[in-house]
There are 2 protein chains.
Amino acid sequence: MSETELGRFDRIKVPSAYEMVADAIEREITSGRLKPGDQIGTEADLVRQFGVNRSTVREGIRVLEQSGFVRRETGRKLFVCVPRYRNLSSRMSRAMIINEVTFRELYETAQVLEGGAVQAAVERATDDDIAALEENQLRAESVVDDPIRLADVDTEFHALVARSTRNRVLELAREPAALLFFPTSEMICRRVPQGGSRMVAAHREIIDAIKARDVERARTWMFRHVRDWKRGFERAGRDIDEPVERIFPKLSPGASFL
Amino acid sequence: MSETELGRFDRIKVPSAYEMVADAIEREITSGRLKPGDQIGTEADLVRQFGVNRSTVREGIRVLEQSGFVRRETGRKLFVCVPRYRNLSSRMSRAMIINEVTFRELYETAQVLEGGAVQAAVERATDDDIAALEENQLRAESVVDDPIRLADVDTEFHALVARSTRNRVLELAREPAALLFFPTSEMICRRVPQGGSRMVAAHREIIDAIKARDVERARTWMFRHVRDWKRGFERAGRDIDEPVERIFPKLSPGASFL
DNA sequence: AAAGTGCCTATTGTCCGACAAAGTGCATTT
DNA sequence: AAATGCACTTTGTCGGACAATAGGCACTTT
């Protein structure tokens, strides 16, 4: 039973019943035969259809629920749903925390993703997107001296920029990291309160650049804005090579509208 | 029971026992009190500790298993593990498929992420990373006329570049999208076989640029390489605004070493 | 008639007890 | 010492059971 790689055969994985239940339902969904909004039968129905025990069905359902394919509205009926990214993203965030990723990794990724996002936003933001950004800016100006609220508004600002890209893949790619931005921003804002006006000014420039469809200006100011974030981190006396704290990222309020 | 937002109270969510079991164990892990590799007791142990039924414990375990915090080695003991990103990423990929993201979204994101990755790789690739890239290049040259194998090697190439960044956040951010690259690349390679030599040439330039620590050259060639991918897609007669097919991304072979 | 109330039933969350199959560890055999 | 065999542990699955809650329906109230 050694773990050595002698022997020519692969390990045999015997699928268990609950896995087969989950897979069967998942296949119906990913193949499109079950559409978001469709109801899945009751547990009893599934017991009849699959011919397995209810405990087995329930274990399978837990798997699907966890992966977001199926949802139970407050204890009642099961229905198919488009996996909302948030629970997946938040799991990824937690995975990153456990892996003790450093602020440097987070910063570098933020530069790449926020830079790319703002560029795409310049190319495709609609009037509605811009209106939402302006509305966000108003709130930012009104809480410029309240570090915690400002961090929250900033998180929302970046989510709005990402949404303006009309690119769900990009939006999704940044979300796990973005969920870690907030606790960090909040810490920074608490300890370096004088950064507020710089932040609001940067947002202003970015919004104007998006309105003017000026890619270079947008990228430049986003770069500065994110760099300020890193400088705030350093000024707060932290080492950028230290692991991001084990702060459990409670669904950051700024992301609640995603 | 209307869904209107009249009323001043929030919905009450009664936590169920299996959720509390899962949360309790997850908290031990995210807080670091349970470390990767640690064993969690047997189901019977957990039954004793939590004072709930075994079925309940099992449902909780399914949740944790699914989110990757615990693992069961072929039917046997439960142990804590660092969530490997792959199952999370693959769920995200499937979520994207269900959301019918378009090739355009995928392409645009690829430009952002691969461009960012290669830049970071230039800055931080080690000799080992470069050796791995060279080894990959040898294989690429040997299968240049075998479209399917080439697509596989290409997928691995990009994963190796990402790994060279020594940035796990960035590596993670690109993975869900990257899992969708492979089926697409494969389709392209099958239908536009003449692209093989261009691909190998681009890889060569990128590797050389990384070795020479030449950021601009690396970015330029990565940009061209990804653009070629899009052109191949178009030349294969596909519309870049059509949803990525409902191909279930079987764990792409190139990602197996992540 | 529309709205509010109370009851009935379906369904879920949990529990109990049980068993076969497969993994583990130990003693025995060669 | 290595291979074999056996007893014990643990998991996966099963059947049945019950309290609590949600949904639906009939009934009352205004």
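Proteins get letters first, then strands, A, B, ... in listed order; numbering begins at 1 in each. Keep in mind it's a predicted model, so treat the numbers as computed, not measured.
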Participant: Whole angstroms only, please: what is the OH-P distance between Y18(B) and dT12(C)?
Facilitator: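 From Y18(B) OH to dT12(C) P: 12 Å.
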
Participant: For A125(B), which residues count as a side chain to side chain contact (heavy atoms under 4.5 Å, CB included) partner, sequence neighbours excluded?
Facilitator: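 Residues passing side chain to side chain contact (heavy atoms under 4.5 Å, CB included) with A125(B): D129(B), I130(B), S164(B), I210(B), R213(B).
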
Participant: Any residue in residues 40-51 of chain B with a heavy atom nearer than 4.0 angstrom to DNA chain D? Just list them by number, or reply none.
Facilitator: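 Contacts with DNA chain D under 4.0 Å: T42(B), E43(B).
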
Participant: So, using salt bridge (charged side-chain N to carboxylate O under 4.0 Å, His left out) as the criterion, who are the partners of E28(A) when residues are at least two apart?
Facilitator: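 Partners of E28(A) by the salt bridge (charged side-chain N to carboxylate O under 4.0 Å, His left out) criterion, ordered by chain and then number, come out as R33(A).
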
Participant: Has the side chain of R124(B) got a donor or acceptor atom that lies under 3.5 Å from a matching backbone atom of T165(B)?
Facilitator: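 A pair under 3.5 Å: yes.
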
Participant: Any side-chain N or O of R62(B) under 4.0 Å from OP1/OP2 of dG12(D)?
Facilitator: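 So the side-chain polar atoms of R62(B) do come within 4.0 Å of the phosphate oxygens OP1 or OP2 of dG12(D), strictly under.
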
Participant: Provide a list of protein-nucleic acid N or O atom pairs under 3.5 angstrom, restricted to nucleotides 16-19 of chain D.
Facilitator:
residue, atom, partner, partner atom, Å
dA17(D), N6, R54(A), NH2, 3.2

Participant: Which pairs, with at least one residue in residues 90-109 of chain B and sequence neighbours excluded, count as a ring pair (Phe, Tyr, Trp, His ring centres under 6.0 Å)?
Facilitator: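 Passing the test, one end in residues 90-109 of chain B: F103(B)-W229(B), F103(B)-F233(B).
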
Participant: Pair up each side-chain donor or acceptor in residues 46-53 of chain A with any protein partner under 3.5 Å, not counting sequence neighbours, and list the distances.
Facilitator:
residue, atom, partner, partner atom, Å
R48(A), NH2, D45(A), OD1, 2.6
N53(A), OD1, S55(A), N, 2.9
N53(A), OD1, S55(A), OG, 3.2

Participant: Find which nucleotide of DNA chain C each of V52(B) and L78(A) is nearest to by heavy atoms, and output the residue with the more 5' nucleotide.
Facilitator: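 The residue closer to the strand's 5' end, by nearest nucleotide, is L78(A).
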
Participant: Does dT12(C) have its OP1 or OP2 closer than 4.0 Å to a side-chain nitrogen or oxygen of R72(A)?
Facilitator: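 Affirmative; the distance criterion is met.
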
Participant: Distance check needed: dT14(C) C1' versus E19(B) CD, whole Å only.
Facilitator: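 Taking CD of E19(B) and C1' of dT14(C), I get 13 Å after rounding.
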
Participant: For E59(B), enumerate each residue passing the salt bridge (charged side-chain N to carboxylate O under 4.0 Å, His left out) test, keeping only those at least two apart in sequence or located in another chain.
Facilitator: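 In terms of salt bridge (charged side-chain N to carboxylate O under 4.0 Å, His left out), with neighbours along the sequence ignored, E59(B) is linked to R58(A), R62(A).
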
Participant: So, using salt bridge (charged side-chain N to carboxylate O under 4.0 Å, His left out) as the criterion, who are the partners of E134(B) when residues are at least two apart?
Facilitator: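 With sequence neighbours excluded, E134(B) shows a salt bridge (charged side-chain N to carboxylate O under 4.0 Å, His left out) to R204(B), K211(B), given in chain and number order.
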
Participant: Salt bridge or not between E108(B) and R104(B)? Use side-chain N to carboxylate O under 4.0 Å.
Facilitator: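 Salt bridge between E108(B) and R104(B), a charged N being under 4.0 Å from a carboxylate O: no.
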
Participant: Please identify each residue that fulfils salt bridge (charged side-chain N to carboxylate O under 4.0 Å, His left out) with D146(B), with sequence neighbours left out.
Facilitator: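 Testing D146(B) for salt bridge (charged side-chain N to carboxylate O under 4.0 Å, His left out), a comparison that skips the adjacent residues, returns R149(B).
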
Participant: Is dC19(C) paired to anything, Watson-Crick or G-U wobble with both distances less than 3.5 Å, and if yes, which nucleotide?
Facilitator: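 Result: dG12(D).
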
Participant: Nearest whole Å is fine: how far is dT11(C) P from F79(A) CZ?
Facilitator: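 From F79(A) CZ to dT11(C) P: 17 Å.
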
Participant: For R58(B) and dG13(C), give me the distance from atom CZ to atom P, rounded to whole Å.
Facilitator: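 From R58(B) CZ to dG13(C) P: 17 Å.
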
Participant: With respect to the phosphate group of dG12(D), does any side-chain polar atom (N or O) of T56(A) fall under 4.0 Å of OP1 or OP2?
Facilitator: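 Indeed not, no polar side-chain atom of T56(A) lies that close.
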
Participant: Just checking V14(B): base, sugar-phosphate only, or nothing, at a heavy-atom cut-off of under 4.0 Å?
Facilitator: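 Contact class for V14(B): none.
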
